[in-house]
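Have a look at the structure below, then the notes.
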Amino acid sequence: MPESHDFFVAADPVAAGAHTREALLREGYTVDDADRGGLRATRGSLGLTLLIGAMANARTFHTRLDVQVMVAPDGQTVVRLLRGSGRAMVKGGALGMARGNQAFEEAANAIHGVLAQAGVLTASVPG
């Protein structure tokens with residue numbers, strides 16, 4: 001499973017970040033601003049996840065994702081989705097890892113969909 005996913009976007013960084021925020025909010029994440037125009041998205045309860053592990057459902061299982069929004073040397077905006085800190089393995093073993101992988105994939109698909117629907121996605125590359 002990739003640790004990151006890059007979206008190349010034909011829009012300015014502010015618009016790309018706004019589209020990304022919209023996609024993550026639709027997926028049930030709380031989205032906060034991070035350093036350098038990035039985003040931090042969290043969903044679920046860390047306490048509950050540590051208590052019951054993989055028994056938590058997809059929306060209550062704690063997931064954190066980080067997003068970097070940057071400009072490539074060619075001037076194109078890049079939105080990079082990163083797995084957040086706090087490995088899912090410690091939060092439910094193999095089932096927790098599977099939940100974390102699923103959450104990352106769903107978030108990447110949601111971002112891809114919103115950027116494509118807005119007509120600004122030029123490429124999407126798992127990393």
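Please read these numbers as outputs of a predicted model, since none were measured by experiment.
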*asked:* Between Val125 and Phe8, is the side-chain contact (heavy atoms from CB on, under 4.5 Å) condition met? List the steps.
replied: CA-CA 8 Å; Val125 181; Phe8 295 87; 3.9 Å; yes

Please evaluate residues Asp35 and Arg40 with respect to the criterion salt bridge (charged side-chain N to carboxylate O under 4.0 Å, His left out), reporting the C-alpha separation (whole Å), side-chain torsions for both, the decisive distance (0.1 Å), and the verdict. CA-CA 9 Å; Asp35 293 337; Arg40 184 179 314 104; 6.0 Å; no

Notebook entry, point to check: Same cluster or not: are Leu39 and Val114 linked, directly or through other Ile, Leu, Val, Met, Phe, Trp or Tyr residues, by side-chain heavy atoms under 4.5 angstrom apart?
Noted result: no

To the nearest 0.5 Å, atom OG1 of Thr20 lies from atom CG of Leu25 at 10.5 Å

- Item | Check ion pair Asp33-Arg21 (N to O, under 4.0 angstrom) | yes

### Task
Step through the shown structure and confirm whether more than 12 heavy atoms of other residues, nucleotides or ligands are within 6.0 Å of CG on Asp74.
yes

Notebook entry, point to check: How far apart are the C-alpha atoms of His112 and Leu121, what are their side-chain angles, what is the distance that settles it, and do they pass the side-chain contact (heavy atoms from CB on, under 4.5 Å) test?
Noted result: CA-CA 7 Å; His112 185 280; Leu121 182 66; 3.3 Å; yes

Practice item. Answer yes or no: is there a side-chain heavy-atom contact under 4.5 Å between Asp6 and Ser124? Key: no

To the nearest 0.5 Å, atom CG of Leu24 lies from atom NE2 of His19 at 13.5 Å

Subject >> 4.5 Å side-chain heavy-atom contact, Gln76 and Thr122 >> reply: yes

- Just by distance, do the side chain of Arg43 and the backbone of Glu27 share a donor-acceptor pair under 3.5 Å? yes

Next on the checklist: Measuring only between side-chain heavy atoms, which start at C-beta, is Phe104 closer than 4.5 Å to Leu81?
Outcome noted: yes

Closest non-hydrogen atoms of Ala23 and Ala110, given as atom of the first, atom of the second and distance, are CB-O, 3.6 Å

The side-chain contact (heavy atoms from CB on, under 4.5 Å) partner of Leu82 among Arg64, Gln68, His5 is Gln68

Decide yes or no on side-chain contact (heavy atoms from CB on, under 4.5 Å) for Thr63 and Tyr29, but give the supporting numbers first. CA-CA 9 Å; Thr63 304; Tyr29 287 89; 3.6 Å; yes

| field | Single-linkage hydrophobic cluster Val71~Val120, side-chain heavy atoms < 4.5 angstrom | value | no

Residues passing the side-chain contact (heavy atoms from CB on, under 4.5 Å) test with Asn109, sequence neighbours excluded, are Glu105

Applying side-chain contact (heavy atoms from CB on, under 4.5 Å) to Gln117 and not counting sequence neighbours gives Arg26

By side-chain contact (heavy atoms from CB on, under 4.5 Å), Ala15 pairs with (sequence neighbours left out) Ala11, Asp12

For Arg80 and Ser4, the nearest pair of non-hydrogen atoms, with its separation, is CG-CB, 4.2 Å

One should read off an interatomic distance between His62 NE2 and Thr42 OG1, to the nearest 0.5 angstrom, of 5.5 Å

When Val78, Val79, Ile111, Val69 are each screened for side-chain contact (heavy atoms from CB on, under 4.5 Å) with Val9, the one that passes is Val79

